[in-house]
Amino acid sequence: MEFATGDPPPPSASDHRRLRRMISNRESARRSRIRKQRHLEDLRSRVGRLRLENHAISDRISTISCSSVVLAHQNELLRSEITALNRRLSDIRRILFLRQLHRLSSPLPPPPPATSPSPDSAAEAGGLVAGKEPIMASFS
């Protein structure tokens, strides 16, 4: 069989295999590019979500830090108030102890008149009032 000049020769079996392999490789490369593009889009989406989460966590840390500073200040105030109240309590106990010693060391007072005693005189007789000044505590 003779070929006319200018006509391409018919493809051989090896040419046919080479052409199929080339088409298959192109299709595989296209699928690979699509997978790579999807993966990149997923990563970008994840970065966006993580940035939002990071921002929310940073805001929460900032809020908690501010609260911590306020609570530390309040705690310090309460500790100083405890110290002051413990001093006052110690002073009051010392005063009561000294009154009891004074009352025990002094001669017995004469019995009160037959009239009913007032609440103030009963408290004084029990050694609870010093110069009729009430003992007061306050909480801030």
Side-chain angles (χ1 to χ4, degrees):
M1 173 185 257
E2 282 188 34
F3 295 106
T5 56
D7 287 341
S12 66
S14 65
D15 288 341
H16 189 63
R17 277 192 306 258
R18 191 170 47 90
L19 185 60
R20 271 196 328 230
R21 197 172 46 245
M22 192 169 56
I23 291 170
S24 176
N25 284 346
R26 285 180 184 166
E27 186 61 28
S28 178
R30 185 183 69 79
R31 286 191 307 265
S32 178
R33 284 190 302 271
I34 290 171
R35 275 194 310 271
K36 185 177 178 181
Q37 188 176 8
R38 273 195 220 127
H39 183 65
L40 187 59
E41 288 170 4
D42 289 345
L43 289 176
R44 285 180 178 151
S45 174
R46 186 171 178 204
V47 165
R49 285 192 310 269
L50 290 174
R51 281 186 177 154
L52 288 174
E53 185 178 343
N54 190 22
H55 185 68
I57 290 171
S58 294
D59 288 348
R60 188 169 177 210
I61 287 172
S62 177
T63 301
I64 290 171
S65 294
C66 289
S67 296
S68 175
V69 169
V70 169
L71 291 174
H73 180 67
Q74 289 176 348
N75 195 22
E76 195 59 38
L77 290 175
L78 290 172
R79 286 177 196 258
S80 65
E81 188 175 347
I82 286 171
T83 302
L85 289 173
N86 279 333
R87 277 193 215 122
R88 285 183 73 186
L89 181 60
S90 177
D91 291 345
I92 290 169
R93 285 181 176 159
R94 192 175 329 108
I95 290 169
L96 289 175
F97 177 73
L98 290 174
R99 283 186 185 168
Q100 282 181 332
L101 281 179
H102 179 68
R103 190 176 42 175
L104 292 175
S105 66
S106 66
L108 291 175
T115 62
S116 65
S118 71
D120 287 338
S121 63
E124 287 174 18
L128 298 176
V129 178
K132 295 188 180 183
E133 293 178 15
I135 299 172
M136 300 182 74
S138 67
F139 295 98
S140 300

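Since this is a predicted model, take the numbers as computed values, not measurements.
Side chains of Leu85 and Leu89 form no contact here, defined as non-hydrogen atoms less than 4.5 Å apart. Counting heavy atoms from C-beta on, the side chains of Arg33 and Lys36 never come closer than 4.5 Å. Using a 4.5 Å cut-off on side-chain heavy atoms (C-beta onward), Gln74 and Leu71 make contact.
Using a 4.5 Å cut-off between side-chain heavy atoms of Ile, Leu, Val, Met, Phe, Trp and Tyr, Ile23 falls into a hydrophobic cluster with Leu19, Met22. Using a 4.5 Å cut-off between side-chain heavy atoms of Ile, Leu, Val, Met, Phe, Trp and Tyr, Ile61 falls into a hydrophobic cluster with Ile57. Ile34 belongs to no multi-residue hydrophobic cluster, having no ILVMFWY side-chain contact under 4.5 Å with any other such residue. Residue Leu40 belongs to no hydrophobic cluster, having no ILVMFWY side-chain heavy atom closer than 4.5 Å to its own.
With sequence neighbours left out, the salt bridge (charged side-chain N to carboxylate O under 4.0 Å, His left out) criterion links Arg18 to Asp15. Residues that satisfy the salt bridge (charged side-chain N to carboxylate O under 4.0 Å, His left out) test with Arg30, not counting sequence neighbours, are Glu27. Residues forming a side chain to side chain contact (heavy atoms under 4.5 Å, CB included) with Ser28 (at least two apart in sequence, or on another chain): Arg31. With sequence neighbours excluded, the residues forming a side chain to side chain contact (heavy atoms under 4.5 Å, CB included) with Arg94 are Ser90, Asp91, Leu98, listed by chain and number.
Here the CG atom belonging to Leu96 is positioned 11.0 Å from the CG atom belonging to Leu101, to the nearest 0.5 angstrom. In this structure, CG in Asp42 is found 11.0 Å from CD in Gln37, a value given to the nearest 0.5 Å.
A donor-acceptor contact shorter than 3.5 Å is absent between the side chain of Ser68 and the backbone of Ile64.
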Side-chain polar contacts of residues 43-53 - donor-acceptor pairs under 3.5 angstrom, sequence neighbours left out - could you list them?
from, atom 1, to, atom 2, distance (Å)
Ser45, OG, Arg49, NH1, 2.9

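Residue pairs that meet the salt bridge (Lys or Arg N to Asp or Glu O under 4.0 Å) test with at least one member in residues 59-77, sequence neighbours left out, do not exist here.
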